[in-house]
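First the proteins, then the strands, lettered A, B, ... as listed; each starts at 1.
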Amino acid sequence: MQLTVDYVTIERGGRLVIDSLSFRAKAGVALVITGPNGIGKSTLLRAIAGLVHVASGTLRLDGGEPERTLPESCHYFGHLDGLKSALSVQENVAFWQAFYGATAGQASVLDALNQVSLDHLADLPAAYLSAGQRRRLSLARLLVSHRPVWLLDEPTSALDAASEARLVDLVNAHLAQGGLVIAATHAPLAFHTLETLDLSNRVSA
Amino acid sequence: MQLTVDYVTIERGGRLVIDSLSFRAKAGVALVITGPNGIGKSTLLRAIAGLVHVASGTLRLDGGEPERTLPESCHYFGHLDGLKSALSVQENVAFWQAFYGATAGQASVLDALNQVSLDHLADLPAAYLSAGQRRRLSLARLLVSHRPVWLLDEPTSALDAASEARLVDLVNAHLAQGGLVIAATHAPLAFHTLETLDLSNRVSA
Amino acid sequence: MNVLDLGAHAGFIIASYAIFVLVVAGLIAWIWLDGIAQRRALAALEARGIRRRSDVTTSEPVAKIEPGDVRGVR
Amino acid sequence: MKPLIALFAREWRLSIRVGGGALMGALFFLIVVTVIPFGVGPDLALLARIGPAILWIGALLSTLLTLDRLFQGDRDDGALDLLLMGDTALELVVFIKCLAHWSATGLPLVIVAPCLALFMNMDPQAILATVLTLLVGTPALTFLGSIGAALTVSLRRGGVLSAILILPLTIPVLIFGVSAASSLLSGPAGFMTPFLILCGLALFSLVVGSVASAQALRLAAE
Amino acid sequence: MKPLIALFAREWRLSIRVGGGALMGALFFLIVVTVIPFGVGPDLALLARIGPAILWIGALLSTLLTLDRLFQGDRDDGALDLLLMGDTALELVVFIKCLAHWSATGLPLVIVAPCLALFMNMDPQAILATVLTLLVGTPALTFLGSIGAALTVSLRRGGVLSAILILPLTIPVLIFGVSAASSLLSGPAGFMTPFLILCGLALFSLVVGSVASAQALRLAAE
Amino acid sequence: MALVDFANPTRFVALTARVTPWLIALTIALFAVGLYGTALAPDDYQQGATVKIMFIHVPCAWLSMFVYATMAISSLGTLVWRHPLADVAARAGAPLGAAFTFVCLATGSLWGKPMWGTYWVWDARLTSELVLLIMYLGLIALWQTIEDPLKAARAVAVLTLVGVINLPIIKFSVDWWNTLHQPAAVFRMDGPTIDPSMLWPLLVMALAATCLFLTLHLLAMRNEILRRRVRTLRLMEAARPGVGSERSA
Ligand code: HEM
Ligand SMILES: Nc1ncnc2c1ncn2[C@@H]1O[C@H](COP(=O)(O)OP(=O)(O)OP(=O)(O)O)[C@@H](O)[C@H]1O
Ligand SMILES: Nc1ncnc2c1ncn2[C@@H]1O[C@H](COP(=O)(O)OP(=O)(O)OP(=O)(O)O)[C@@H](O)[C@H]1O
Ligand SMILES: [Mg+2]
Ligand SMILES: [Mg+2]
């Protein structure tokens, strides 16, 4: 499986943010995107997820399920958590499992909560969680439904050391299963195999 | 100047989060609070800022301006930025300067934007900023109006390496001027002088 | 026949034509002034050396920096 | 099917737990219906005559009041992005959200309408006709209103703006709803024609509302 | 003084830029008033009679539509915490916010009311009375409504509670406003009594609104 | 000149510069002829001289709908082809359409007083025309609240298309509901029922008003293109790396 990004140009609010960028991301190797604030890391991830319009260029996933579009093959883990404070921890995850379609062989809701060490809080309203706990709850969404491409935008923000190690383990496991991971980050991450794409070397604008 | 926290107990959502905690924070020395997610770091900072009710115990600032309460002596820099997307970068900072009262000898709005490297974006709506730029804009608030106590909740999240260094410089300068800094963080921070308070050693929850 | 004999309801007829003329005049004035304002703003920006990318790359060589052009300097 | 059921259940739960929406709408409805008689004075024959119109106007205004949060919450917490990335067509997502919203806020309104109609001295036939038209018409209002909610989702506090955008579109629904409800007195024929047109409008707005809102939400995701 | 002026300017700017400000409020009001004849029918005498009630309901609705985000936005982006930590008394902050909100949304409404009254065929005296009552009454609606807005912010599931608490409070204002506005025909005495009560209610709600909202917001900070 | 050239904003600006003088001349000439015919036209046996209001009222009424239809077609261009000129055309059209609608309403009211004895009745055609004005104002408002013109254009396009439903309501309101207002007299299946001595000035006035619209529209579109250019340049200026900024760090 390979994600091919060819000559992609993105404008936001009338300004050119990404100018004719090309790269490939391969299954089994994490692609880490780095660069200073405001260079366009989040924009790039959102474009892959289909959430930002691409002015020109192509995005293509080869070797995935042919009937699914690229955004439908992606899990997006961004700055916003997509959690509902009024629902319990468990209800939050269960909804995304049902909505994205539970895949055979994926973790059950309680399994996933266990993997992000939130099982003891399963029945608490999500409003009661601390910053890092919210982040982990949002991460559980990636575990209950299989999608080959993971787009992680500063995944370790607000996480403590133990949770960060857990996250790295989860990503490594996903890579080992042939998944594709693209992560934007400022902190060095200890993925087993990784390539780095430094946006600041490319864009001059 | 010294902040004294004596036997403070805090409950949130019916659960005991902080149980009879005591410590002192001295001017000129940064107090770094660490501990795993959900241990109560943010809760503690918010309690000092007067934003969370303290069930029992006392919080006292000695050596500050006597006519100001503790919350009125604090700058709180938390997860949320307090920015208005519809206002320009400059208008956002200018409002907080006027509202908190411009102190003689503090940075002007443009100075402050310069210190967080956002001066070139001064007239852009805040909606256009990236995650790290928003964070830095929020930081500019601390520079335009003097308050002796800085409460920083994961101050470096979303910041790139250069901005993180800039933040550390700003904090060091505040400490050198006799300010008081309490920071909750998961990442090691290179403050000149610092003490660490590890909440996980105290509380078992 | 006197063409300007408008009968008993002359006021209404004149008012109708006057409203039409006023509204059209307003539109013309607005478009005119707006055009002037935009062109002035454009000229001011160009005087400060801000140009569109396409202008820079296609219509003039990048190396040609005129006197007083402060591009890249703040 | 399962994603849609899950979505419906979530929306329903949220509007029950957080809502206020449902009750707010019903209360506002009550207020509109009680205040008009104050303006009109205690002329019972007149009240009975304009009764259906007042119920309809109350329903329209209270739908507006509750609608503007339909997509706002999901946008603010990032859930909208995730909904967009699902395999489910966005049109269906919008459809289900509107349906859940209607059953939590529109349906209660239809249910209390007969009691209020009694206050207005309306006779049983007219009450039946009004409730029928409201049952068919309020979903149309919700679906048309969702377009305004979707268009203003990227602006916080879209309240008034979305109302401005939507009210002109809802006028045909209002016209046929009221004329069906108040024309029963002149025989069943006077009722059926506008009622059938109302049904047509309702079906039409189910489709147009879902499609246009989905389109607007896609644009808002940027 | 300076913090308060800055706050007023900020709120004003925000409501102009995001809400569309004066134009929107007026336009919305126009639409509400346009919708009514569709329902009630084109009977000019009837329209003139229910005119004051309709204008008042329009004012209530547009206040409610814009008000619920009065504090919500500040809470969602963390600005509320920072406002709480200022040296300015929270009651004053609330007062200024409500004032800015009223002058950006309520005042334009009062200003366009006479034109709309003409559409409804109301006579000059009734128009004057309605505008007077609206001028006194809309601030009362805003300040009372702010309590609901503050409660919604503080109780995460508070929507219901705030609706239950607030709408009933606005009913007296609405009733005295409408009866003052529409009773001018029966002589100045019929106007003065409800009008004075309305003024009393308005003063009362300025105080109660600021104090109660500030108290509710303090609880919200948790 | 190929259609492709026409679709390029820069070329479009150049084109307007060449075409507008001719259009202006044509508009003035048509108005001269039309007003001459208007002055000559006989009084109506029922309406007297007030029928002269028709020569303003009816062209503006037609244009109010024609402009909306133009905007709707442009909106298709925005949504389907994402063409920047389509946005510009729709945006420049809205104030013009609102103006014509306003004139139609105002002259109609002025005509109504002598004819029907009242300035305003809540009749289907009148109200639907008022609704059209409200929709124009709503579109303008939406445009002004969304800061980013591309986003705004698409949002407005969706709404414009949904609002097309109002056009047939205005057009056929006189047939569907029995109203005070005149039924169609010019555009009907069985040919115009209006006297030729009034018909030709009416048609010339309508043509003149259409030319007026085209002229103003072209100029407003040019202004809009310039406005966007200014905005882009301002943003570029704002985003230029300053001394010690992140980009140089
Ligand atoms: C505010 C009041 C009025 C409004 C909003 C209004 C609106 C309109 C509109 C929208 C049309 C175009 C309809 C179409 O193309 O089918 C129209 C046409 C026309 N109106 Fe009015 N009108 C008003 C008052 C009047 C009055 C008072 C008269 C004369 C007694 C009048 C006479 C006509 C005539 C003769 C036409 C041309 C019909 C045709 O040939 O299609 N209108 N009006
Ligand atoms: N609004 C709230 N209502 C009820 N309980 C809460 C609330 N916010 C946090 N809590 C609870 O208080 C405890 C401490 O939360 P706090 O946010 O202080 O943690 P933290 O140390 O800052 O964690 P993190 O590193 O994730 O930011 C958590 O167990 C959480 O469940
Ligand atoms: N919603 C938006 N509208 C307009 N412009 C935007 C928007 N969001 C971001 N931008 C602009 O796009 C550029 C890239 O932003 P982006 O969020 O992709 O940066 P980033 O690399 O993720 O930065 P950070 O490290 O701070 O998260 C920035 O210069 C920003 O000003
Ligand atoms: Mg980012
Ligand atoms: Mg925390």
Side-chain angles (χ1 to χ4, degrees), chain D residues 15-28 30-32 34-41 43 46 49-50 52-58 60-62 64-65 68-69 72 76-77 155-168 170-172 174-175 177-179 181-182, chain E residues 14-15 17-20 24-25 27-32 34-36 38-41 43 46 49-58 60-62 64-70 72-73 76-77 105 148 152 156-164 166-168 170-171 174-175 178-179 181-182:
Chain D
S15 59
I16 296 301
R17 291 197 198 157
V18 192
L23 211 71
M24 183 100 158
L27 267 174
F28 183 76
L30 245 166
I31 289 188
V32 170
T34 41
V35 166
I36 297 253
F38 269 97
V40 179
D43 177 348
L46 179 59
R49 210 178 91 213
I50 61 174
I54 291 176
L55 288 178
W56 258 93
I57 290 169
L60 173 61
L61 297 182
S62 67
L64 284 183
L65 193 59
D68 64 327
R69 302 232 190 115
Q72 192 78 52
D76 288 350
D77 62 17
L155 325 162
R156 282 141 194 277
R157 344 181 174 185
V160 179
L161 179 59
S162 86
I164 291 176
L165 302 178
I166 288 318
L167 273 175
T170 55
I171 286 184
L174 186 68
I175 292 179
V178 174
S179 66
S182 51
Chain E
L14 282 175
S15 58
R17 290 199 197 153
V18 190
M24 296 289 176
L27 202 56
F28 172 74
F29 209 32
L30 171 67
I31 297 179
V32 169
T34 315
V35 163
I36 308 285
F38 269 107
V40 179
D43 177 348
L46 177 60
R49 237 165 86 197
I50 61 175
I54 290 172
L55 289 178
W56 262 92
I57 288 173
L60 174 63
L61 181 64
S62 70
L64 287 181
L65 264 179
T66 48
L67 207 68
D68 63 330
R69 309 250 175 101
L70 187 59
Q72 192 77 50
D76 289 349
D77 62 18
T105 65
T152 325
R156 214 168 270 108
R157 310 179 176 191
V160 179
L161 192 56
S162 96
I164 294 180
I166 292 317
L167 280 178
T170 59
I171 288 186
L174 206 60
I175 287 178
V178 173
S179 62
S182 50

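Proximity to chain D (any heavy atom under 4.5 Å) is restricted, for E:Ile171, to the side chain, taken from C-beta onward. In this structure, chain E has a heavy atom under 4.5 Å from the side chain of D:Ile57, while its backbone stays farther away. For chain D, no part of E:Leu30 is nearby; none of its heavy atoms comes within less than 4.5 Å.
Interatomic distance, CD1 of D:Ile164 versus CG of E:Leu27, reported as 4.0 Å (0.5 Å rounding). Taking CD1 of E:Ile36 as the start and CG of D:Leu61 as the end, the distance is 6.5 Å to the nearest 0.5 Å.
Remark: D:Ser62 engages D:Phe28, D:Phe29, D:Leu109 in a side chain to side chain contact (heavy atoms under 4.5 Å, CB included) (not counting sequence neighbours).
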